[in-house]
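What follows is a short report on a single structure.
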Amino acid sequence: LALDGGGMALVFGPIGAPLAGSGPDRVSDALLEQTWQQVTALRAAGLAHGDLNLNHVVIRPATADPALDEALALEVEQTVETVQQVQLVAFGRAEVAASDVALRSDIAELLCSTAIEVGPERAVRAAIATAGTDVVRHALPRLRGAFSLVFMDETTLYAARDPQGVRPLVLGRLERGWVVASETPALDIVGASFVREIEPSEFIAIDADGLRSTRFAPIDRAGCIFE
């Protein structure tokens, strides 16, 4: 824009639409994984975004203009074939050489934001597939509120319960394996015997070597009349 006095002002905005409000049918697993790839790259460089809600995750629409594709690729130092549809924007709260707390907060915020948009199962699956199980587990202390989580990768079943113990989560046993469920009636349906409740702030991993249990936060019990 030309300004009075001969000055110039550059005005720009993200090319695309925010992921927020797109809905689960329009947000593919590929877009989720691209989002986590961007965050994983930031994390590897020690950068924390600081405000990682889905309004700041932008989907770049497909274009039939080769010149525009080339320009976008050059902007992010990639080839036309490798440039991604997802861009992170709004780095006003970003931290360089960020602390572990800030990096984990990014993971926790993106987990919550994507879970609201596409559901917890797809959100956690995409995070584990791209960022890894340990990154997700280490973000659990940054989560607030009532939750019980069950997720898995190719070899391991994981479960976690909120530090307040608001949401129920139980451990059962079959003759040839373990079962995790939100309530004991589910164990009866599959013929599993009740072993114990999973404790507040407990994180368990079950694989071919057996069951391992750790704590991801101090226990802070709180009741709920609806649970």
Side-chain angles (χ1 to χ4, degrees), residues 13-24 26-60 75-78 82-153 156 158-164 201 203 205 214-218 220:
I15 301 175
L19 211 59
S22 298
R26 295 184 59 195
V27 180
S28 67
D29 289 342
L31 287 177
L32 289 175
E33 291 181 6
Q34 285 188 23
T35 303
W36 282 106
Q37 287 168 6
Q38 298 273 358
V39 175
T40 300
L42 290 180
R43 182 182 177 85
L47 300 174
H49 184 281
D51 194 11
L52 205 53
N53 66 75
L54 294 190
N55 287 305
H56 299 153
V57 179
V58 173
I59 306 172
R60 182 179 67 85
E75 180 184 351
V76 293
E77 298 182 349
Q78 297 184 39
T82 61
V83 67
Q84 295 188 329
Q85 283 185 273
V86 173
Q87 295 178 317
L88 303 182
V89 299
F91 282 81
R93 298 182 184 177
E95 292 184 28
V96 179
S99 65
D100 284 343
V101 171
L103 295 173
R104 292 173 182 178
S105 293
D106 270 2
I107 302 299
E109 186 172 10
L110 186 58
L111 273 172
C112 293
S113 298
T114 52
I116 291 171
E117 197 68 35
V118 303
E121 181 178 348
R122 289 183 60 200
V124 173
R125 185 172 64 234
I128 291 175
T130 309
T133 303
D134 285 343
V135 170
V136 175
R137 177 169 63 87
H138 291 152
L140 290 177
R142 304 301 299 166
L143 298 180
R144 295 293 181 266
F147 61 86
S148 58
L149 303 175
V150 179
F151 50 95
M152 65 184 300
D153 56 23
T156 309
Y158 303 94
R161 189 178 179 192
D162 64 272
Q164 290 74 38
S201 79
F203 180 88
T214 58
R215 302 275 182 188
F216 62 84
D220 183 21

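Note that the structure is a prediction, hence the values are computed from the model and not measured. We count residues from 1, following the sequence as given.
With values rounded to the nearest 0.5 angstrom, Thr114 atom OG1 is found 9.0 Å from Glu117 atom CD. A distance of 11.0 Å separates CG in Leu88 from CG in Leu47, rounded to the nearest 0.5 Å.
The two residues Ile107 and Arg43 make their nearest non-hydrogen contact at CG1-NH1, 4.0 Å. Residues Ala139 and Arg104 approach most closely at CB-O, 3.8 Å, considering heavy atoms. Taking all atoms of both residues into account, the shortest heavy-atom contact from Phe216 to Pro141 is O-CG, 3.0 Å. The two residues Leu52 and Asp106 make their nearest non-hydrogen contact at CD2-O, 3.8 Å. Here the shortest heavy-atom pairing between Val89 and Asn55 reads CG2-O, 4.5 Å. For the residue pair Leu32 and Ala126, the shortest heavy atom distance occurs at CB-CB, 3.7 Å.
The shortest side-chain heavy-atom distance between Leu42 and Phe91 falls under the 4.5 Å cut-off. Ile59 places a side-chain heavy atom less than 4.5 Å from the side chain of Leu31. Side chains of Asp51 and Glu109 form a contact here, defined as non-hydrogen atoms less than 4.5 Å apart. Annotation: side chain of Arg142 is in contact with side chain of Val101 (closest heavy-atom distance under 4.5 Å). No side-chain heavy atom of Leu54 sits under 4.5 Å from any side-chain heavy atom of Val27. Between Val58 and Val86, the closest side-chain pair of non-hydrogen atoms is not below 4.5 Å. The shortest distance between side-chain heavy atoms of Asp29 and Arg125 falls below 4.5 Å. For the pair Val39 and Leu110, the minimum side-chain heavy-atom distance is below 4.5 Å.
Panel note: side chain Asp162, backbone Phe147; a donor-acceptor pair is recorded below 3.5 Å.
Taking the ring centre of Phe203 as origin, the terminal cationic atom of Arg137 falls inside the region bounded by 6.0 Å and 45° from the ring axis.
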